[in-house]
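I have placed the structure first, in the form of structure tokens, so that the comments after it can refer back to it.
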Amino acid sequence: MAQSGKHLANAAPPEDADELPFDLPPAGRPQVPAESAGSPPVSNDDDPPFDLPPAHPARQSISARALQGAAPATTPTPYLDGLNPEQRAAVEALDGPVLVLAGAGTGKTRVLTTRIAHILATHRAFPGQVLSVTFTNKAAREMKERVGLLVGGAVEGMPWLGTFHSIGVKILRRHAELVGLKSGFTILDTDDQIRLLKQVIEVEGLDKDRWPARQLAGLIDGWKNRGLVPEKVPAGEAFGFAAGKGAQLYAAYQRRLKELNACDFGDLLLENIRLFADHPDVLADYQRRFRYILVDEYQDTNVAQYLWLRLLAQGSPNICCVGDDDQSIYGWRGAEVDNILRFEKDFPGARVIRLERNYRSTGHILGAAAGLISANQGRLGKTLFTDGEHGTKVTVTAVWDDEEEARSIGDDIEAMQKRSNQPLNEVAILVRASFQMRAFEDRFITLGLPYRVIGGPRFYERQEIKDAIAYLEITANPANDLKFERVVNVPKRGLGDTSVKRVHELGRARSIPMYQAAQLIVETEELPGKARKSLTDLLASFERWRGHIRHMKHTELAELILDESGYTAMWQADKSPQAQSRLENLKELVRFMHEFESLEGFLEHVSLVMDVDQAGDGQRVSLMTLHGAKGLEFEVVYLPGWEEGLFPHQRSLDESGQAGLEEERRLAYVGLTRAKRIAKVSFAQNRRNRGLYQSALPSRFVDELPEAHVEVAEAKMPFGGAYQNFGGTFGRAGYGRSRFDEAEPFEGHYDTPGWQRAQERTREQPTKWNPADQRKKRGPQTIEGELVASSSEQASYKRGERVTHQKFGTGTVTDVDGNKLTIEFDEAGRKRVVDSFVDRA
DNA sequence: AGGCGAGGACGTCTT
DNA sequence: GTCCTCGCCT
């Protein structure tokens, strides 16, 4: 932040803060608007002819009276009904800076949307004068919908409701020339970025193996997140990469971007900041325009976003940031919790409103979460409460290993389903790291328990989708070199590296796009006959397709392009198992394009949105990372893997120490507060990770849960039957107790001495052993026993055999691995299944 | 051009 | 242990 002092100096008035005439009214009453003192007077010239902000006293008194509930406002405000007093205060405190500390499940989105509705309904601003930013497209979409419900069509006139990036693009397109771009600039995705960085690294004469482009991309992203242009990169940091060439490479990369008329994601904001800093007139224009600024998830803003907001907020003190410092979990990607902690200093006279009434979770769940998070030091402090019932306590379960964990949770879900018809859509398993998902997937497949993985590979990140989009992009915009390089030889058409390189060099030499260079080169003898021919054909195809843009429906054109380019045929000819789903994805892409007016409209969307909504069809258990779960809620939440090293993650502790630990703790807090009714924590004593089977200690977070809200549940233990001395009730039928009879009992106690013992015991024998060896000796023979028992009845299967599965139907065995089969099911697709669950067809 | 072996990563992820 | 990428070999 300090490094960007230049921007800051222009941007925000912290220095003159004291001089600002923020007359703080007594607490609990709306603030007198700050007719900006230091900043230029706000001009209303271009504004519509109704009385607009800043509010004058008469208006002020209305909201003040409304707040006290004394008298109805002159404007009918039915949308305020049903808000609790704090929410209502947050909606009505329209003047001056406001920070809404909205705890989990306290109605944050409702406040934001109602606030917008209130601004519009009271005619304080036109829809076009409200700037409302979110992080994700999903959040923006939801907000737009909900505002739409409140104010009707007016939301259509809210061009400035969107993500930081989409608003950044919109502004940048209007003023591109001022920062050395042309308005039609393209936005690079991560792939393009890496490809370009590779080139830059090579051009600088560096060994691209020693200095991977990926790492440089990470560094540059980090710098951009912090608002640092190449000249401002601290020397020490640039030193780590390529012996001090980091900043130089960054600068070279930025030059290349300009040559290509392109931006990466970071630039969308950084170039905005540069634009505002270098062109105060442009900035002033936007400052005048945005009378009200609203920011969602403020705790996730990074420095660049913060600077951008600061610049814009200078024109109007009416900035409202909503966030929860306890849910700041993106520090590793540049988010600065500090932004929210410092809000009152940044925006002097800020009013802070806490939303602490939780509408989501039961008392015990809130109590457990609150107790846990209270161990964090750097907090603004909030205490969630609910008027609802206490509900059931959060359970803590110790299990033997990750397989056992998956098994017990799977069984538990099935039991719950049987017992109380628990809808699976309301059940989620939240893991710290995605590798944990595997055990659950394996288990759920064998159980036939339907599940969905959220946050898997993104639609737009799939190879076939990127290729298809590259074709479409070049058709619309031939100057996109990176996309051109991507598909010039996909499918293979005899244009090898050498030919592509020649085109590339000609383009660079003449400073023209590769497409144009290609057009020139085919007129010469430079390329071998075959390459020349196929390049000529390809260019002709692109010209032809481009000719169709105006006359043909864009979806039909897309189909035509995929067809004529041979791209579809390439996958049809591919015999790999994924080829079919790739073709499906291509169809899905075309289907999705129907939602857009034109090819250009679609492409603009795609460059900013990295995903499409997953169709939430059918009843399924959700499996996702804790990060992915933010903002969601479920009746029942399982929180497995609470072990030291995994959660809190060792790397987080190593790299960020105390701050890292606190972020992990916030992650735990986010996890717990996703649960409405039931939360179940578990930890394994042994976990397989990277092929190693390692003993593990319970996470410190387990012990930080307040006893009053926690119950230790009895778990099925291969080595001990169950924890003793605990009357947990969630044992179930299933595996015969007898198989564990001979196993040594494991004594576990939740109360401190017992846990200490348990922990000591594990500590004494830090075993690292290979499960394969283990099976041969003693140890978890039971596991082996189970596998053998269930599979011994039939001989193992061979590849190519037809089998049936009670849930998945008929399929063909494509791979055999011990007693685990990989089966390509006719209906259900490819699954891994234990052989005892199938029969020969 | 395709296939296979070596080598590296293997924490969370949005735009 | 397993997945992915890269480069070299066929």
Side-chain angles (χ1 to χ4, degrees), chain A residues 133-140 162-169 187-190 193-194 198 208-210 212-215 218 221 224-225 263-270 296-297 300-302 304-305 328-335 402 430-439 454-458 460-461 463 489-497 570 573-576 604-611 624-631 641 645-656 660 663-664 666-668 670-671 687-694 768 770-772 817:
Chain A
V133 276
T134 63
F135 276 83
T136 64
N137 287 294
K138 198 173 153 220
T163 62
F164 277 100
H165 295 269
S166 67
I167 291 168
V169 176
I187 300 161
L188 266 54
D189 62 27
T190 322
Q193 197 187 0
I194 302 243
K198 246 179 215 155
K208 66 174 166 30
D209 293 326
R210 192 147 164 237
R214 200 160 272 290
Q215 192 192 339
D221 274 349
K224 288 186 174 176
N225 282 341
C263 264
D264 64 18
F265 278 115
D267 286 334
L268 296 181
L269 276 171
L270 206 52
D296 192 14
E297 305 277 16
D300 288 339
T301 47
N302 61 36
Q305 287 155 344
S328 164
I329 55 174
Y330 285 111
W332 52 274
R333 140 185 133 182
D402 44 350
L430 310 183
V431 297
R432 174 63 182 83
S434 50
F435 77 83
Q436 292 172 262
M437 291 185 187
R438 198 206 202 105
I454 301 198
R458 267 131 228 293
Y460 287 123
E461 280 180 13
Q463 184 191 344
N489 199 30
V490 180
K492 307 277 181 215
R493 42 174 78 90
L495 289 162
D497 287 351
M570 177 183 98
D574 192 309
K575 58 212 172 303
S576 73
E604 176 75 19
H605 170 85
V606 166
S607 61
L608 283 171
V609 180
M610 296 307 290
D611 209 0
M624 68 187 92
T625 63
L626 285 159
H627 284 92
K630 187 158 150 200
L646 175 61
F647 191 35
H649 201 280
Q650 193 56 48
R651 231 167 118 169
S652 195
L653 302 182
D654 291 346
E655 282 168 20
S656 315
E663 182 155 317
E664 296 281 309
R666 290 193 291 267
L667 204 46
V670 167
R687 183 167 295 275
R688 202 193 325 251
N689 186 8
R690 303 192 199 174
L692 278 183
Y693 205 68
Q694 259 183 305
K768 290 187 186 182
N770 184 313
D817 171 20

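Below, read A as the first sequence line, B as the second, and so on, with proteins coming before strands; counting in each chain starts at 1.
A centroid separation of less than 6.0 Å is found between the aromatic rings of A/His627 and A/Trp332.
At the heavy-atom level, A/Glu655 lies under 4.0 Å from base atoms of the strands shown. Within the 4.0 angstrom heavy-atom criterion, no nucleotide atom of any strand lies near A/Gly162. In this structure, A/Thr136 reaches the sugar-phosphate backbone alone: every heavy-atom distance under 4.0 Å involves primed, P, OP1 or OP2 atoms, never a base. Within 4.0 Å (heavy atoms only), A/Glu664 reaches at least one base atom of the nucleic acid.
In this structure, A/Leu269 places its CG atom 12 Å from C1' of B/dT14, rounding to the nearest Å. Distance NE2 (A/His627) to C1' (B/dG11): 8 Å, rounded to an integer number of Å. B/dG2 atom P lies 10 Å from atom CG of A/Asn489, rounded to whole Å. Regarding A/Ile194, its CD1 atom lies at a distance of 12 Å from the C1' atom of C/dT5, rounded to whole Å. As a whole-Å value, the separation of A/Gln436 CD from B/dC10 P is 16 Å. Whole-Å rounding puts the A/Gln215 CD to C/dT5 C1' distance at 16 Å. If you measure from atom CD1 of A/Ile187 to atom P of B/dT14, you get 17 Å, rounded to the nearest angstrom. As rounded to whole Å, 14 Å separates atom P of C/dG1 from atom OH of A/Tyr693.
A/Gln193 and A/Asp189 form no side-chain donor-acceptor contact under 3.5 Å, judged by distance and modelled atom types alone.
Taking only side-chain atoms of A/Arg333, from C-beta outward, the nucleotide of B/dC13, B/dA1, C/dT2 with the closest atom is B/dC13. With B/dG11, B/dG2, B/dC13 as the candidates, the nucleotide lying closest to the side chain of A/Tyr330 is B/dC13. The A/Arg651 side chain lies nearest to B/dG11 when the options are B/dC13, B/dG11, B/dT15.
Distances shown here put a side-chain N or O of A/Lys198 below 4.0 Å from the OP1 or OP2 atom of C/dC6. A close approach under 4.0 Å does not occur between any side-chain nitrogen or oxygen of A/Asn137 and OP1 or OP2 of B/dT14. At B/dT15, none of the side-chain N or O atoms of A/Ser607 fall inside 4.0 Å of OP1 or OP2 (strictly under the cut-off). Here A/Thr625 reaches the OP1 or OP2 of B/dC13: one of its side-chain N or O atoms lies under 4.0 Å away.
For A/Asp402, there are no salt bridge (charged side-chain N to carboxylate O under 4.0 Å, His left out) partners two or more places apart in sequence or in a different chain.
Screening A/Val169, A/Asp264, A/Asp267 for a side chain to side chain contact (heavy atoms under 4.5 Å, CB included) involving A/Ile187 leaves a single residue, A/Val169. When each of A/Arg666, A/Arg333, A/Lys630 is checked for a salt bridge (charged side-chain N to carboxylate O under 4.0 Å, His left out) with A/Asp300, only A/Lys630 meets the rule.
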Output, in order, the C-alpha distance, side-chain angles, deciding distance and verdict of side-chain contact (heavy atoms from CB on, under 4.5 Å) for A/Asp296 and A/Val133.
CA-CA 6 Å; A/Asp296 192 14; A/Val133 276; over 6 Å; no
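Taking the nucleotide of DNA chain B with the nearest heavy atom to each of A/Arg493 and A/Arg432, the more 5' of the two is matched to A/Arg493. Between A/Leu495 and A/His649, the residue whose closest nucleotide on DNA chain B is further toward the 5' end is A/Leu495.
Spacing of P atoms, B/dT12 relative to C/dT5, comes out at 16 Å, to the nearest Å.
Aromatic stacking is not marked for A/Phe135 over B/dT14, as the cut-offs of 5.5 Å for the centres and 30° for the planes do not both hold.
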